[in-house]
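Just below is one structure, and these are the notes that go with it.
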Amino acid sequence: MTVHSTASAETEAFAEQWRAWHAAHEEQLADEHGFLAITGLHWLDAEPQTFTDGPGSWTTGPGGPVVVLDEGEELVVDGETVRGEHHFGVIPERGGVFARWGDAVIEVARRGGYDVVRPRHPGNPLRTSFRGTPAYEPDPRWAVTGRYVPFDVPRPTAVGAVVDGIEHVYDAPGSVRFELDGYELSLTVFPGHEPGSLTVLFTDATSGVTTYAANRSLRLSPGPDGVVTLDFNRATNLPCAYTDLATCPLPPPENRLPVAVEAGEKIPYERA
């Protein structure tokens, strides 16, 4: 009885931690200038373009994106108000600048070798009507222990994207190896956003059935000895699961798991 009660308490504590994490994750997703606020994905070239959801006229070239603002228009870039013609400079791959325009933010970024403009408006219906993301109930059995195995040198790894004709290239530092449902499995990992962290893009047997077809993401933090927990309860959707105005990468072929990972976020209500 004591053992059962202890196990139940641990399971409930695990679930409570997951609920707190998921609430914080969804709050970030629904930020007033988050991905749900994006109203357009505009690909820049040498020909001037204007957009109904952003100011000015836009071009790009070897020196990076340039905007020519109309009379009375202004942007706030890095805390400085700019008018007339503004050069953003060369933007690194996967980099970006966020410029204020009234209550909106104009994202100027580089994705797949192309410069893009993505306005983000707080009043976008996708954001204002957001009601959360369905997910499997948290279960400790989906938190498995693995080992991070670094490559001798990082391997440039090209993957496709949800946008046709776009390719993303990452320097994969290694792989994680683990056992799940009797399978010996391995996933190629990419660098994470925080120092020392890793990101895994994967699909599994639930993809396109109960979970988003193209990809899901899992963040990892290996210990000094390489031991790492893969908590698939915290597998999240990428922005492309919610909006077609994203350029999300696809998992490398080896990251297509043969098992049904019935954990983590499911297909968003917006795609059901």
Side-chain angles (χ1 to χ4, degrees), residues 29 31-70 73-78 82-127 130 156-171 190-191 193 199 201 212-217 237-252 268 270-271:
L29 177 65
D31 181 83
E32 65 175 356
H33 296 126
F35 267 97
L36 300 182
I38 292 176
T39 55
L41 173 59
H42 308 297
W43 301 87
L44 302 182
D45 56 29
E47 292 297 318
Q49 300 181 59
T50 59
F51 317 122
T52 59
D53 54 353
S57 176
W58 297 80
T59 58
T60 193
V66 178
V67 64
V68 178
L69 299 169
D70 294 337
E73 291 182 332
E74 61 183 36
L75 289 171
V76 178
V77 182
D78 294 331
V82 298
R83 301 178 181 87
E85 184 172 303
H86 178 73
H87 294 248
F88 287 87
V90 175
I91 297 177
E93 183 63 35
R94 290 187 290 278
V97 175
F98 293 86
R100 281 272 183 175
W101 182 52
D103 68 348
V105 160
I106 308 299
E107 178 191 9
V108 187
R110 189 167 181 83
R111 298 292 183 269
Y114 298 88
D115 291 325
V116 300
V117 168
R118 286 192 293 203
R120 302 183 180 215
H121 291 263
N124 188 31
L126 183 65
R127 175 183 176 270
F130 180 61
T157 304
V159 296
V162 294
V163 177
D164 289 341
I166 296 298
E167 183 178 80
H168 296 280
V169 180
Y170 297 89
D171 286 330
F190 296 144
H193 295 294
T199 296
L201 302 176
Y212 184 58
N215 48 33
R216 284 196 289 168
S217 177
N237 292 321
L238 275 69
C240 53
Y242 304 89
T243 175
D244 292 333
L245 304 176
T247 61
C248 301
L250 300 176
E270 292 80 3
R271 298 288 194 182

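One-based numbering along the sequence shown.
- Taking both residues in full, the closest heavy atoms of Thr60 and Pro65 are given as OG1-N, 3.4 Å, listed atom of the first, atom of the second, then distance.
- Two residues are said to be in side-chain contact when any heavy atoms from C-beta on lie closer than 4.5 Å; Pro268 and Phe130 fail this criterion.
- Interatomic distance, Leu126 CG to Glu270 CD, rounded to the nearest 0.5 Å: 5.5 Å.
- The distance from the CD atom of Glu32 to the CG atom of Asn124 is 13.0 Å, given to the nearest 0.5 Å.
- Among residues at least two apart or in separate chains, ring-ring contact (aromatic ring centres under 6.0 Å, His included) pairs with a member in residues 88-117 are Trp43-Tyr114, Trp58-Phe88, His86-Phe88.
- The CZ atom of Arg127 sits 14.0 Å away from atom OG1 of Thr243, with the distance rounded to the nearest 0.5 Å.
- Looking at His33, its side chain does come within 3.5 Å of a backbone N or O of Asp103 through a donor-acceptor pair.
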- Task: Carefully, step by step, assess Glu85 and Val67 under the rule side chain to side chain contact (heavy atoms under 4.5 Å, CB included).
- Result: CA-CA 6 Å; Glu85 184 172 303; Val67 64; over 6 Å; no
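- Side chain of Glu167 to main chain of Ala158: no donor-acceptor pair is present (N/O by atom type, distance under 3.5 Å, no hydrogens or angles).
- Using a 4.5 Å heavy-atom threshold, the side chains of Pro249 and Tyr170 count as touching.
- When every heavy atom of Ala246 is checked against every heavy atom of Val163, the shortest pair comes out as O-CG2, 3.4 Å.
- Put simply, the side chain of Thr247 does not reach to within 4.5 Å of the side chain of Val116, judged on heavy atoms.
- Nearest heavy-atom pair across Ala214 and Val162 is CB-CG1, 4.1 Å.
- Distance alone, capped at 3.5 Å, is enough to place a donor-acceptor pair between the Arg111 side chain and the Gly95 backbone.
- Considering all non-hydrogen atoms of both residues, Pro119 and Ile106 come closest at CB-CD1, 3.8 Å.
- Annotation for Gly40 and Leu245: closest pair N-CD1, 3.4 Å, computed over non-hydrogen atoms.
- Arg94 pairs by the side chain to side chain donor-acceptor pair (under 3.5 Å) definition with nothing, not counting sequence neighbours.
- Annotation for Ala99 and Val77: closest pair CB-CG2, 3.8 Å, computed over non-hydrogen atoms.
- Between Asp115 and Val108 there is no side-chain heavy-atom pair separated by less than 4.5 Å.
- For the pair Ser217/Thr199, a side-chain contact is recorded, criterion being any heavy-atom separation below 4.5 Å from C-beta on.
- The shortest side-chain heavy-atom distance between Arg216 and Leu201 does not fall under the 4.5 Å cut-off.
- One finds the CD1 atom of Ile166 at 11.5 Å from the CG atom of Leu250 (value rounded to the nearest 0.5 Å).
- A distance of 11.0 Å separates OG1 in Thr39 from CZ in Arg118, rounded to the nearest 0.5 Å.
- To the nearest 0.5 angstrom, Arg120 atom CZ is 9.0 Å from Asp31 atom CG.
- With sequence neighbours excluded, the residues that form a side chain to side chain donor-acceptor pair (under 3.5 Å) with Arg83 are Glu74.
- Contact annotation: the side chain of Cys240 approaches that of Tyr212 to within less than 4.5 Å [non-hydrogen atoms, C-beta and beyond].
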